[in-house]
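Right, one structure below, let's go through it.
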Amino acid sequence: MARTRKALPAKVDVAHLISAGVLASVCPRALIEEVLADTGKASQRERLLPAPAVVYYVMALALWREAPLEEVLRVVCEGLQWLGGGEAGAIQASKSAISQARTRLGSQVMRQLAERVLRPLAAPGAPGAWYRGLRVMALDGSCMDVADEAANAEFFGYPGASRGQSAFPQARLLGLVECGTHVVTAAEVAPYGHSEQAMAAQMLPAKLKPGMLVLADRNFYGFKLWRIACASGAKLAWRVKSNLKLPVEQMLPDGSYLSTVFDSQHRHRSAGQVVRVIDYTLQDSATPPQDSYRLVTNILDPTEAPALELAALYHERWEIEGVFDEFKTHLRANSTVLRSKTPDLVQQELWGLLLAHFAIRQLMAQAAWPRGLDPDRLSFTHAVRVIKRKMPQAAAVPP
């Protein structure tokens, strides 16, 4: 028997009914309408799933990774009370209708929303977020498995494997993270074959600001990207590879030294840039010396950032690894692959994932700071459970 679709009563808009709670605190209805107008995606006629409702739905997909598409829609809309009679129910739409609504919306709406919403959250002095008045940030990338569909494979590409290629195409995700809150403040999405350096060169000029201290792993250092990042006015502390030639030009009192880096094609002195180099080795009393590290920084005065402090601070960079784990493990549950079947919907899903993650992390920060706590002390998994449990109640409106 064919399923019957339950129509909404006249003048009831799904987006209004669910534009409350944690998702709407990040993406208010007015902002969504503005972005829809800017992108030409505003609904031209009344639909069962108008564009603003689909935006919230895409964000909710990140919270219910384990549920079928139709079930996510039911959960998001659960608790609504229809006007005129008080009958409770949920919007019933087929998987095909949901897919068509997402296709109409496209990925650019979600990307523009993310570009306007994602930002640093920590107020000056917030626990765990600052170093000597500088906002501590980390830059890194990761890859996400996407559905093994022909269109996805052609657009995103497969990573290599010891035998042929991996089972799934992969999208490459680059993120700039505020270490103290774990919020992603900026991101880029690209096919697997794109380099993280090239993605960073596109993202950083608009997103780095004076007053930030940016940590990055050795795969990011390159003279051109270093110059781009320095031009933003941000302070940098990046690990570099051991084979990078950094001759000692001036020893400094804290054990660091000044050197000059060059573009590989232009090694004239006037074309170089002075950096401060910090070499150190990790060890403890019970084991022999462990990995050796070499950092370069554009903080040239050791009194502003002593070598030992920067060496200790650099390992805050691993906070961003925790963020990617939150994406891949805690928000994706038993689903290890993004479920969208086309490249545009994959990108839409990823931007929705970033927005949902920001909403959760913002809520955690707001819960921690009034109590003088570092948000790191709160459980991300518990926060997700609470939000999922409260979502239906947040969607309800008085009859």
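Here the structure is a predicted model, which means the values were calculated and not measured.
- Formation of a donor-acceptor pair under 3.5 Å by the N298 side chain with backbone atoms of A234 is found in this model.
- Residue N152 holds its CG atom at 12.0 Å from CD of Q170, rounded to the nearest 0.5 Å.
- D254 contributes a side-chain N or O that, together with a main-chain N or O of A307, makes up a donor-acceptor pair within less than 3.5 Å.
- The shortest heavy-atom contact between G180 and D374 is O-OD1, 3.7 Å.
- By the criterion of side-chain heavy atoms lying less than 4.5 angstrom apart, applied directly or through intervening Ile, Leu, Val, Met, Phe, Trp or Tyr residues, M137 is not grouped with V117; the two fall into different hydrophobic clusters.
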Task: Residue pair T39, Q108: steps toward the side chain to side chain donor-acceptor pair (under 3.5 Å) verdict - done: CA-CA 7 Å; T39 56; Q108 281 303 309; over 6 Å; no

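- Across all their heavy atoms, G175 and I320 have their closest contact at O-CD1, 3.5 Å.
- With hydrogens and angles left out, the side-chain atoms of R276 and T297 include no donor and acceptor closer than 3.5 Å.
- Within 6.0 Å of atom CG in L308, 12 or fewer heavy atoms from other residues, nucleotides or ligands are found, so the atom counts as exposed in its surroundings.
- Taking OG of S25 as the reference point, atom CG of L363 lies at 7.5 Å (rounded to 0.5 Å).
- In plain terms, the two heavy atoms of P120 and M212 that are nearest each other are CG-CE, 4.1 Å.
- Under the rule for a side chain to side chain donor-acceptor pair (under 3.5 Å), Q112 has no partner lying at least two apart in sequence or in another chain.
- D148 and Y158 share a side-chain donor-acceptor pair at under 3.5 Å.
- Side-chain contact between P253 and P302 is present, with heavy atoms from C-beta onward closer than 4.5 Å.
- Residues W226 and V296 meet the side-chain proximity criterion, which asks for heavy atoms closer than 4.5 Å.
- If you chain together hydrophobic residues whose side chains sit under 4.5 Å apart, L353 and I98 fall into the same group.
- The list of ring-ring contact (aromatic ring centres under 6.0 Å, His included) pairs with a residue in residues 180-207, not counting sequence neighbours, is empty.
- Between the side chains of T303 and D301, at least one donor-acceptor pair of N or O atoms lies under 3.5 Å.
- Note that CZ of R227 and OG of S232 are 13.0 Å apart. Values are rounded to the nearest 0.5 Å.
- Taking 4.5 Å as the limit, every side-chain heavy atom of V277 sits out of range of all side-chain heavy atoms of L295.
- When every heavy atom of S195 is checked against every heavy atom of A198, the shortest pair comes out as OG-N, 3.0 Å.
- With sequence neighbours left out, R102 forms a salt bridge (Lys or Arg N to Asp or Glu O under 4.0 Å) with no residue at all.
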Open item on the list: What verdict does the side chain to side chain contact (heavy atoms under 4.5 Å, CB included) test give for N219 and Q197, after you've listed the backbone C-alpha separation in whole Å, the side-chain angles of each residue and the deciding distance to 0.1 Å?
Closed with: CA-CA 8 Å; N219 290 326; Q197 278 195 12; over 6 Å; no

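- Contact check for K224 versus D263: side-chain heavy atoms found under the 4.5 Å cut-off.
- Using a 4.5 Å cut-off between side-chain heavy atoms of Ile, Leu, Val, Met, Phe, Trp and Tyr, with links allowed through other members, M203 and L350 fall into different hydrophobic clusters.
- Side-chain atoms of F358 and V184, non-hydrogen and from C-beta on, never get closer than 4.5 Å to each other.
- In this structure, R218 has no side chain to side chain donor-acceptor pair (under 3.5 Å) partners at least two apart in sequence or on a different chain.
- In the displayed structure, E154 atom CD is contacted under 6.0 Å by at most 12 heavy atoms of other residues, nucleotides or ligands.
- In this structure, I32 and L36 have side chains that are in contact, with non-hydrogen atoms separated by less than 4.5 Å.
- T185 places no side-chain N or O within donor-acceptor distance of the main-chain N or O of R119, the cut-off being under 3.5 Å.
- How far CE of M144 is from CG of L338: 5.0 Å, rounded to the nearest 0.5 Å.
- Here the CG-CG distance, from L139 to D217, works out to 10.0 Å after rounding to the nearest 0.5 Å.
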TODO: List the steps, then state whether side chain to side chain contact (heavy atoms under 4.5 Å, CB included) holds for Y57 with L61.
DONE: CA-CA 6 Å; Y57 173 75; L61 285 176; 3.7 Å; yes

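- Ring geometry, Y280 versus Y293: the interplanar angle falls under 30°, so the pair is classed parallel (tilted spans 30 to 60°).
- In this structure, R361 does not pair ionically with E178, as no charged nitrogen and carboxylate oxygen lie closer than 4.0 Å.
- By the 6.0 Å contact criterion, CZ on R377 is open, its count of non-hydrogen atoms from other residues, nucleotides or ligands being 12 or less.
- The same ILVMFWY cluster, assembled from side-chain heavy atoms under 4.5 Å apart, contains both Y221 and L225.
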Task: Pair L174-V189, side chain to side chain contact (heavy atoms under 4.5 Å, CB included): steps then yes or no - done: CA-CA 7 Å; L174 180 73; V189 178; over 6 Å; no

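- Criterion: ILVMFWY side-chain heavy atoms under 4.5 Å apart, direct or through other members. Under it, V214 and W130 are not part of a common hydrophobic cluster.
- At least one donor-acceptor pair under 3.5 Å links the side chain of K41 to the backbone N or O of R104.
- At distances below 3.5 Å, at least one donor-acceptor pair connects side-chain atoms of R135 with backbone N or O atoms of A122.
- The two atoms that bring L355 and C27 nearest to each other are CD2-SG, 4.1 Å, heavy atoms only.
- Judged by distance alone, the side chains of E249 and T260 do bring a donor and an acceptor atom under 3.5 Å apart.
- For E34, the side chain to side chain donor-acceptor pair (under 3.5 Å) partners two or more places apart in sequence, or in a different chain, are R116.
- Nearest heavy-atom pair, V346 versus F156, reported as atom, atom and distance to 0.1 Å: CG1-CZ, 3.6 Å.
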Task: Worked check of side chain to side chain contact (heavy atoms under 4.5 Å, CB included) between V58 and W351 - done: CA-CA 9 Å; V58 172; W351 291 114; over 6 Å; no

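- Residue pairs meeting the salt bridge (charged side-chain N to carboxylate O under 4.0 Å, His left out) criterion with at least one partner in residues 181-206, sequence neighbours excluded, are R111-E188, R172-E196.
- In this structure the side chain of V55 reaches within 4.5 angstrom of the side chain of M110, judged on heavy atoms.
- You'll find the side chain of L236 reaches within 4.5 Å of the side chain of C230, heavy atoms only.
- The CG atom of L173 lies 6.0 Å from the CZ atom of F327; values are rounded to the nearest 0.5 Å.
- For the residue pair E316/Y131, the side-chain donor-acceptor check at 3.5 Å is not satisfied.
- Proximity of a side-chain donor or acceptor of Q347 to a complementary backbone N or O of P343 within less than 3.5 Å is detected.
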